[in-house]
There are 2 protein chains.
Amino acid sequence: MDRWRGTGMDATAQGELLLHRLARFANLSPQEVALVTSLAAKTEEFSAGTELVAEGQSLDTPRLLISGWACRFRMLPDGRRQIFEFILPGDVYGLCLRPQAIALTTAIALTPVCIADAAALGDAIINKSDEYPGLTAACHSTASLEEAYLLNQLMRVGRQTAYERTAHLILELHERLSIVGLADETTVAIPLTQEIMADALGLSVVHLNRTLQQLRRNQLIEFKSGQVRLLQPEQLAQLADFRPPRVSQITRAAA
Amino acid sequence: MDRWRGTGMDATAQGELLLHRLARFANLSPQEVALVTSLAAKTEEFSAGTELVAEGQSLDTPRLLISGWACRFRMLPDGRRQIFEFILPGDVYGLCLRPQAIALTTAIALTPVCIADAAALGDAIINKSDEYPGLTAACHSTASLEEAYLLNQLMRVGRQTAYERTAHLILELHERLSIVGLADETTVAIPLTQEIMADALGLSVVHLNRTLQQLRRNQLIEFKSGQVRLLQPEQLAQLADFRPPRVSQITRAAA
DNA sequence: CGTAAGCTTGACAATACTCAATCTCTGTGG
DNA sequence: CCACAGAGATTGAGTATTGTCAAGCTTACG
């Protein structure tokens with residue numbers, strides 16, 4: 001399966017994905033940059049399918065996803081599954097800004113993943129937010145973004161057609177991966193089986209397959225072996241009513 | 001329209017709905033109880049359809065919904081609407097535990113509403129959480145609960161049939177209103193038009209109407225002029241896979 | 001090569017939507 | 001007090017979308 005083909009980044013670069021994202025939301029001091037960079041020091045590997053968070057588990061061990069994809073989902077008794085959100089490289093999971101919270105959903109690895117302990121990050125923004133103002137603000141913005149993605153997901157699944165929602169999800173994944181430097185203007189690696197995408201989109205595999213074919217036939221995307229190329233990003237964005245979320249009033253001072 | 005018929009509570013009792021809910025999650029000191037109770041002092045009335053929060057607006061003016069129903073939603077350019085969540089009596093909206101956040105969605109009143117300024121509550125839990133530990137914990141639990149309801153909504157709309165999801169929503173509303181004392185074991189007032197329920201459930205009005213008829217025909221609910229009676233709550237819960245959310249590890253000490 | 005996972009296809013069925021009409025309230029004005 | 005208007009609920013008929021089942025195909029990989 002070359003679905004899981006790497007991005008060609010070395011380990012150091014991968015450890016800095018999170019930094020890319022956080023730096024969009026706030027100016028980080030050298031001390032803050034050092035903290036984030038140091039997270040990638042000790043990492044663990046897990047295979048696809050590994051349970052990363054169990055529903056009901058205490059949310060007190062924040063972790064940084066260095067590489068690979070994961071997701072949060074829930075299942076109905078008869079096996080129907082709804083994927084709530086994808087966890088992408090550079091995302092932190094298992095971190096809740098509310099103390100004593102417990103996980104509302106299970107999270108599993110969708111591909112082989114590499115994970116780092118982010119306890120230092122959680123400690124910094126929860127207990128020492130005065131020392132780490134930039135990190136704290138950036139993590140708060142990130143939390144808002146996650147909520148915005150959840151609302152997007154609800155909008156897709158509740159009110160958009162299969163065609164629209166498939167396009168919308170692809171655009172959202174492209175945007176999220178662009179932010180951490182894992183996608184260029186028109187190309188992005190999406191290492192998901194159609195079954196997984198279908199469970200995220202609330203569609204059957206067969207119907208998603210036909211919907212993807214329709215997008216290809218209409219010259220809107222190319223999609224093979226996990227690589228997606230956006231052929232007409234503007235048309236896609238328009239048909240899917242895709243608009244990047246505005247999340248925080250804090251504007252980053254200077255570049 | 002007697003859809004909006006009141007609950008027969010007097011103003012004082014209505015002001016204490018929030019107290020009911022918060023007291024489930026933490027023991028509140030007399031000082032905390034006083035703060036919450038005092039919120040209902042000065043209130044404002046708005047008619048159905050009034051915009052309560054605008055998308056993009058700064059989330060710095062928390063408000064307590066004393067009576068009436070509201071919702072958060074988003075629309076597609078062609079008019080399709082998805083309701084994300086309902087705001088019920090005793091709910092606080094416009095309060096975000098993250099500083100500087102902006103509203104991700106618009107909120108409007110669905111019925112005539114009565115609203116109180118909850119700035120004192122926001123101030124207490126954000127700036128003076130040391131003095132108000134019970135309130136702070138309870139509000140954090142409430143925030144988790146709201147996320148749980150959002151995930152329920154996504155599960156309904158993404159993977160449940162019209163029949164299941166309609167039953168599930170009714171059960172969830174019954175549970176939420178029970179918590180604030182606005183529903184008894186089997187009866188609850190749901191002052192929503194079928195159009196509004198349809199927009200929450202991701203269904204067309206016509207299909208929702210037929211689905212409700214099916215639930216009635218199967219002797220599971222009665223539903224007329226805004227009053228719902230659960231005839232067989234256990235069967236409903238089973239067919240809808242309804243399970244009350246577990247949200248926090250903090251257990252309230254004693255009753 | 002053989003296997004297994006994932007993708008694709010065809011045929012058919014079920015679910016859900018649209019359109020248009022009718023019915024039922026409830027409040028309003030004469 | 002009644003006719004009327006308007007919002008909301010209901011119904012029927014026809015259509016579109018999406019799901020199910022079952023089979024074949026492709027690809028990666030041992």
Side-chain angles (χ1 to χ4, degrees), chain A residues 1-6 47-49 69 76 78-82 110-112 156-167 169 189-217 221-228 239, chain B residues 1-6 47-49 69 76 78-82 110-112 156-167 169 189-217 221-228 239:
Chain A
M1 267 292 134
D2 78 338
R3 190 199 309 285
W4 295 336
R5 152 179 26 181
S47 61
W69 286 42
L76 291 168
D78 66 357
R80 281 173 289 175
R81 176 172 72 165
Q82 178 64 47
L110 293 170
T111 70
R156 278 194 288 265
V157 151
R159 280 304 187 207
Q160 291 194 297
T161 64
Y163 191 68
E164 293 165 340
R165 76 178 86 157
T166 303
L169 177 62
I190 299 186
L192 302 177
T193 65
Q194 293 187 357
E195 185 182 6
I196 293 171
M197 284 192 71
D199 281 349
L201 291 170
L203 298 171
S204 67
V205 189
V206 172
H207 195 63
L208 171 65
N209 181 288
R210 291 183 167 127
T211 303
L212 285 172
Q213 288 177 51
Q214 203 182 340
L215 286 166
R216 283 189 281 239
R217 203 174 327 119
I221 63 167
E222 281 173 10
F223 196 156
K224 60 180 176 193
S225 57
Q227 296 293 318
V228 177
L239 79 88
Chain B
M1 265 292 134
D2 78 338
R3 189 201 307 288
W4 296 335
R5 150 176 33 181
S47 61
W69 286 41
L76 290 169
D78 65 359
R80 281 173 289 174
R81 175 172 72 165
Q82 178 64 47
L110 294 171
T111 70
R156 279 194 286 267
V157 151
R159 279 308 188 202
Q160 291 195 295
T161 64
Y163 191 67
E164 293 166 339
R165 76 178 85 158
T166 303
L169 177 63
I190 300 186
L192 302 177
T193 65
Q194 293 186 357
E195 185 181 6
I196 293 171
M197 284 193 71
D199 281 349
L201 291 170
L203 298 172
S204 68
V205 190
V206 172
H207 195 59
L208 171 65
N209 181 287
R210 293 183 165 125
T211 303
L212 286 172
Q213 289 178 51
Q214 203 182 340
L215 286 167
R216 283 190 281 238
R217 202 175 326 121
I221 63 167
E222 281 174 8
F223 196 157
K224 60 180 176 195
S225 57
Q227 295 294 317
V228 178
L239 80 86

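Residue numbers start from 1 in every chain, and the chains themselves are labelled A, B, ... in the order their sequence lines are given, proteins ahead of strands.
A:S204 comes within 4.0 angstrom of a base, heavy atoms only. Using a 4.0 Å heavy-atom distance criterion, A:G202 is classed as a sugar-phosphate-only contact.
Using a 4.0 Å cut-off, no side-chain N or O of B:N209 falls inside it from OP1 or OP2 of D:dA9. The side chain of B:R217 contributes no N or O atom lying less than 4.0 Å from OP1 or OP2 of D:dT10. OP1 and OP2 of D:dT10 both lie 4.0 Å or more from every side-chain N or O belonging to B:Q213. Side-chain nitrogen and oxygen atoms of A:R80 include none within less than 4.0 Å of the OP1 or OP2 phosphate oxygen of D:dG19. Distances shorter than 4.0 Å separate some side-chain N or O of A:Q194 from OP1 or OP2 on C:dT8.
We find that NE2 of A:H207 is positioned 17 Å from P of C:dC7, with the value rounded to whole Å. Atoms NZ (A:K224) and P (C:dT8) sit 12 Å apart, rounded to a whole Å. Following rounding to the nearest Å, A:D199 (CG) and D:dG19 (C1') show an atom-to-atom distance of 14 Å. Atom-to-atom, CD of A:Q214 to C1' of C:dT8 comes out at 15 Å; the value is rounded to the nearest Å. When rounded to the nearest whole Å, the span between OH of A:Y163 and C1' of C:dC17 equals 20 Å. When the P atom of C:dC17 is taken as reference, atom CD of A:Q160 falls 15 Å away, rounded to whole Å. When rounded to the nearest whole Å, the span between CG of B:L201 and C1' of C:dC17 equals 15 Å. Taking atom CD1 of residue B:I196 and atom P of nucleotide D:dG8, one finds them 8 Å apart after rounding to whole Å.
Taking CZ of A:R210 as the reference point, atom CG of A:L203 lies at 12.5 Å (rounded to 0.5 Å). In this structure, A:N209 CG and A:M197 CE are separated by 11.0 Å, a value rounded to the nearest 0.5 Å. One distance of note links OG1 of A:T161 with CZ of A:R156; it measures 12.5 Å at 0.5 Å rounding.
Closest contact between the side chain of A:R210 and the listed nucleotides D:dT10, C:dG6, C:dT9 involves C:dT9. Each of D:dT18, C:dC17, C:dT9 was ranked by its minimum atom distance to the side chain of B:L203; first place goes to C:dC17. Distances from the side chain of A:T193 to the nucleotides C:dA20, D:dA9, C:dG6 place C:dG6 closest.
More than 12 heavy atoms of other residues, nucleotides or ligands lie within 6.0 Å of CD in B:Q214, so this atom counts as buried by the packing criterion.
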Worked verdict on A:R81 versus A:I196 for side-chain contact (heavy atoms from CB on, under 4.5 Å): CA-CA 9 Å; A:R81 176 172 72 165; A:I196 293 171; 3.9 Å; yes
